[in-house]
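Here the structure comes first, spelled out in structure tokens, and everything after it is commentary.
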Amino acid sequence: MSSKPTNVLITGANRGLGLEMVRQMAEDKGQVKKLFACCKEPSGAKSEGLQTLAKKHLDIIIIIPMDVSDLDSIKEAAKLIGPQLGGEGLNLLINNAGIVGDIHSRVQEIAPKDVQDVFNVNFMGPLNVIQEFLPHLRAAATVSGTTGMSCSKAAVINISSCMGSITSAMGYDSSVPCVPYRISKVALNMLTVCAAEEMKKDEILFAVLRPGWVRTEMGGPQGEIDVEESVNGMLEVMASMSEEHSGAFLDYKHRTMPW
Ligand SMILES: NC(=O)c1ccc[n+]([C@@H]2O[C@H](COP(=O)([O-])OP(=O)(O)OC[C@H]3O[C@@H](n4cnc5c(N)ncnc54)[C@H](OP(=O)(O)O)[C@@H]3O)[C@@H](O)[C@H]2O)c1
């Protein structure tokens with residue numbers, strides 16, 4: 001990133017795309033001062049990679065427990081992070097945590113529980129995290145003393161998917177219906193646009209990014225790209241964003257996605 005944020009928060013930071021974001025930001029000797037790597041179970045087996053990385057970058061990476069499907073957990077995380085931001089506020093919040101649910105779930109036999117679980121993580125999670133950290137994003141926008149918008153000033157990036165594109169869903173591959181996931185990402189996209197409009201006056205940038213089809217636990221081994229390429233692309237896109245990208249839906253190659 002050429003224009004780098006000082007304080008960053010990433011959800012779902014213990015594996016997959018979230019972990020690679022932490023790695024690339026921490027290893028890119030830049031201005032990232034504090035990187036709050038939030039994850040559900042910091043001492044669990046799935047967080048070993050993050051723990052190892054944090055030991056290498058003790059001065060930058062701070063691991064914070066946060067289950068995005070649990071409002072109390074988000075509030076606890078905000079209590080831990082708030083005092084560590086000092087007067088600088090939070091420059092960049094990346095809502096990355098996500099679950100896919102039952103990929104075979106079709107409208108005809110959709111289980112309400114699956115919809116609820118997927119919505120709790122993919123939609124309610126980002127909404128609650130945004131609400132809890134908004135004061136810190138506003139603080140960052142104010143102390144920056146600059147006009148305009150950028151990911152180094154104050155921004156929220158919501159990680160969505162081409163499955164959250166209604167236009168792209170026309171004639172979709174019916175062997176992978178993933179209906180709850182698709183609907184949750186459409187809701188996340190709308191949340192982003194509404195937040196962008198509402199928080200324009202605060203000069204906080206809100207945008208949606210699509211990582212591509214990536215070889216992670218969610219994307220599977222047949223994914224088209226690896227985490228390194230996806231994250232490298234997304235960080236470049238974030239670095240290039242300004243007020244003209246407020247409410248945008250872009251992919252990791254800076255291509256505009258259809259809603
Ligand atoms: N991979 C792809 O091809 C692809 C394509 C389009 C969009 N995306 C999006 O990219 C984001 C990251 O996906 P990924 O491929 O890295 O998936 P992944 O490898 O399955 O990782 C998902 C991450 O989300 C975390 N998470 C799940 N539920 C959580 C909760 N309740 N609270 C906190 N963290 C939670 C997981 O933590 P645990 O280890 O604790 O479960 C894990 O860190 C998701 O939003 C996904 O929808 C991915």
Side-chain angles (χ1 to χ4, degrees), residues 9-24 36-51 53 63-78 93-103 114 116-129 132 156-165 168-169 172-173 176 178 180-189 191-192 208-231 233-235 237-238 249-253 255 257:
L9 188 163
I10 303 172
T11 66
N14 59 309
R15 61 184 171 93
L17 289 160
L19 179 61
E20 180 64 11
M21 285 180 204
V22 175
R23 189 189 71 75
Q24 289 194 22
F36 299 96
C38 299
C39 62
K40 219 166 40 178
E41 290 172 36
S43 45
K46 285 183 165 182
S47 300
E48 279 170 11
L50 177 60
Q51 292 288 359
L53 195 58
I63 301 177
I64 303 282
M66 188 200 283
D67 179 341
V68 302
S69 68
D70 176 358
L71 181 55
D72 289 340
S73 168
I74 296 170
K75 285 183 184 290
E76 282 304 312
L93 161 60
I94 304 178
N95 279 310
N96 163 73
I99 56 170
V100 73
D102 178 1
I103 64 166
D114 194 26
Q116 276 160 6
D117 290 348
V118 171
F119 257 75
N120 279 342
V121 176
N122 296 0
F123 174 72
M124 287 309 299
L127 173 60
N128 288 329
V129 174
E132 286 305 314
V156 176
I157 299 299
N158 291 326
I159 304 299
S160 188
S161 165
C162 59
M163 288 200 180
S165 162
S168 307
Y172 75 82
D173 174 4
V176 193
C178 266
Y181 180 77
R182 287 175 191 274
I183 300 171
S184 73
K185 292 296 190 184
V186 171
L188 178 65
N189 292 355
L191 169 70
T192 312
V208 181
L209 277 189
R210 176 207 169 211
W213 184 14
V214 194
R215 291 185 289 274
T216 62
E217 203 169 310
M218 183 185 290
Q222 69 278 35
E224 286 169 355
I225 53 173
D226 59 23
V227 284
E228 199 175 337
E229 181 178 355
S230 170
V231 169
M234 288 196 286
L235 294 185
V237 174
M238 287 183 221
F249 184 7
L250 301 175
D251 79 354
Y252 71 106
K253 285 192 165 170
R255 293 175 294 211
M257 294 289 297

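All values derive from a computational prediction rather than experimental measurement. Counting starts at 1 for both ligands and their atoms, following the listed order.
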Next item on the list: Quick one: list whatever passes side-chain hydrogen bond (donor to acceptor under 3.5 Å, both in side chains) with Asp102, sequence neighbours left out.
Entry: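 Residues passing side-chain hydrogen bond (donor to acceptor under 3.5 Å, both in side chains) with Asp102: none at all.
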
Identify every side-chain donor-acceptor pair in residues 215-225 under 3.5 Å, counting partners at least two apart or on other chains, and give the distances.
residue	atom	partner	partner atom	Å
Arg215	NH1	Gly223	O	2.9
Arg215	NH1	Glu224	O	3.4
Thr216	OG1	Met218	N	3.2
Thr216	OG1	Gly219	N	3.0
Glu217	OE1	Arg15	NH1	3.1

Note to self: Students should find this: residues with any non-hydrogen atom under 4.0 Å from ligand 1. What is the answer?
What the structure shows: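 Residue list for ligand 1: Gly12, Asn14, Arg15, Gly16, Leu17, Lys40, Lys46, Met66, Asp67, Val68, Ser69, Asn96, Ala97, Gly98, Ile99, Val121, Ile159, Ser160, Ser161, Tyr181, Lys185, Pro211, Gly212, Trp213, Val214, Thr216, Glu217, Met218, Gly219.
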
Checklist line | Residues that Val156 engages under side-chain contact (heavy atoms from CB on, under 4.5 Å), provided they are two or more places apart | finding: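 Expected list: Leu93, Asn95, Ile130, Leu137, Asn158, Phe206.
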
Check: Is there a donor-acceptor pair under 3.5 Å between the side chain of Ser230 and the backbone N or O of Pro211?
Finding: yes

Next item on the list: Would you sort out whether Met66 and Phe36 count as a side-chain contact (heavy atoms from CB on, under 4.5 Å), showing the intermediate values?
Entry: CA-CA 11 Å; Met66 188 200 283; Phe36 299 96; over 6 Å; no

Notebook entry, point to check: Rounded to the nearest 0.5 Å, how far apart are CD1 of Ile159 and CE of Met234?
Noted result: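 Answer rounded to 0.5 Å: 4.5 Å.
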
